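This report refers to the structure that appears directly beneath it.
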Amino acid sequence: MKSTIGEVKHHVGESVTIGCWLNKKRSSGKIQFLQLRDGSGYIQGVVVKSEVSEEAWEAASKLTQESSLYITGKVKEDTRSKGGFELDVTGVEIIQVTEEYPITPKEHGVDFLMDNRHLWIRSPRQRAVLVIRAEIIKAVQGFFNDRGFHLVDPPILTPSSCEGTTNLFHTKYFDEDAFLTQSGQLYMEAAAMALGRVYSFGPTFRAEKSKTRRHLIEFWMIEPEMAFVDHTENLEVQEQFVSHIVQTVLQNCQAELETLERDTSKLEKIKGSFPRITYDEAVDYLQKNGHEFAWGEDFGAPHETAIAAQYETPVFITHWPTEIKAFYMKPDPSRPEVVLCADMIAPEGYGEIIGGSQRIDDPELMEQRFKEHELSQEAYQWYLDLRKYGTVPHSGFGLGLERTVAWICGLDHVRETIPFPRLLYRLYP
């Protein structure tokens, strides 16, 4: 019967056939030990010369790293093996013998690995990252679906910028100028006025010429938007959301976290409510701890890392200066020089993973903001209409998937968090 490695636990004592690749091999005289993978997991196949046909033994002997094959054998439990099971091989059918596979067990440079990303993702470490990424995506969808949110897909081609920046990828939409989206948020606000609670999950693009370990040119964003929700309620949803993601990964990806040698004790603390400090308090902390920093500046990576180092969970930094935040954020009624917003900073130096705010719902103030930021009312008259026809208090946030993957996996660079990263000066493969 056919099986996958991930399903052999249901076939103990039975003979199964698995389509797989050879990860590595070692031989001990008349026994060959085949480390096999099929995408669902890893298993060792033991080939004993005296127990298989001459053809099966010779076929196993020809196998090289990443050769493809069908292997047949009896499943048995083995507590010493990583997956808990082993295969007593009875048959080997070669599909292809691979020659000179470029990625070997030796050390390779980052550029070489990135040039061979289409092969690098086969390695145990990269597979573990991508499995965790997929689990995070399932957790995201489950969280919102279970709470009555509707998935809405905003457009990727837009007539203008969401946040007033010029760091956009320009293209032509027939005879009109168009841009690749940097956020679906404005469209999600429109969707929230129709459906109440919504979320989007899609690719976004930033044309910033940044080479830091936290930045990608193309990345995926999860952007919920909620009608009749204020700033405080917005923070509560974010806490529940991030806690749910982390705890789901801990529950379902123990083997992958072990492969990555992740210290899971740090992730186990990510639950419940997170600490909250104001921008004012954050600035005061930095100034008292050796950082030259003036009120009204934005935080860089060293500042976020220093602030986060005080906490074992993510921390909210709230009430940022109005002047350095996006035009749509609602000013604090008691202090209009700051807005009702928050950045969630991940622990362990991973920086901002969520930015969110209560949105401006006053039509006159939104008109004023458009003028102050010199935004095109022609391109976004529809956005102004949201305040004209049945305006309500509403809030939302955006979580960057790849930064979240990097933090949960404990990775040094965000380039490993997406199957085929788009980086400054890298569009291949």
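None of the values given here were measured: they were computed from a predicted structure.
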Consider only side-chain N and O atoms of [X] and [Y], and report whether a donor and an acceptor are under 3.5 Å apart.
X	Y	answer
Asp280	Trp295	yes
Arg117	Gln126	yes
Asn145	Tyr199	yes
Gln185	Glu189	yes

Does a side-chain N-to-carboxylate-O contact under 4.0 Å join [X] and [Y]?
X	Y	value
Arg213	Asp412	no
Glu304	Arg214	yes
Arg276	Glu239	yes
Arg122	Glu66	yes
Glu225	Arg359	yes
Glu402	Arg415	no
Asp298	Lys325	no

Aromatic ring proximity [X]/[Y], centre distance under 6.0 Å:
X	Y	value
Trp320	Phe299	yes
Phe327	Phe370	yes
Trp120	Phe112	no
Phe274	Tyr311	no

Flag, side chain of Gln287 to backbone of Phe293, donor-acceptor distance under 3.5 Å: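 It does hold such a pair.
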Using modelled atom types and a 3.5 Å cut-off, is there a donor and acceptor pairing between side-chain atoms of Glu223 and backbone atoms of Gly184?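 Yes.
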With rounding to the nearest 0.5 Å, note down the distance linking [atom1] in [X] to [atom2] in [Y].
X	Y	atom1	atom2	value
Arg133	Leu401	CZ	CG	4.5 Å
Glu312	Glu348	CD	CD	10.0 Å
His231	Ser395	NE2	OG	8.5 Å

Do Phe205 and Ile156 come close enough that some side-chain heavy atom pair is under 4.5 Å?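 Yes. Closest side-chain heavy atoms under 4.5 Å.
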What verdict does the ring pair (Phe, Tyr, Trp, His ring centres under 6.0 Å) test give for His170 and Phe179, after you've listed the backbone C-alpha separation in whole Å, the side-chain angles of each residue and the deciding distance to 0.1 Å? CA-CA 5 Å; His170 175 261; Phe179 304 90; 5.5 Å; yes
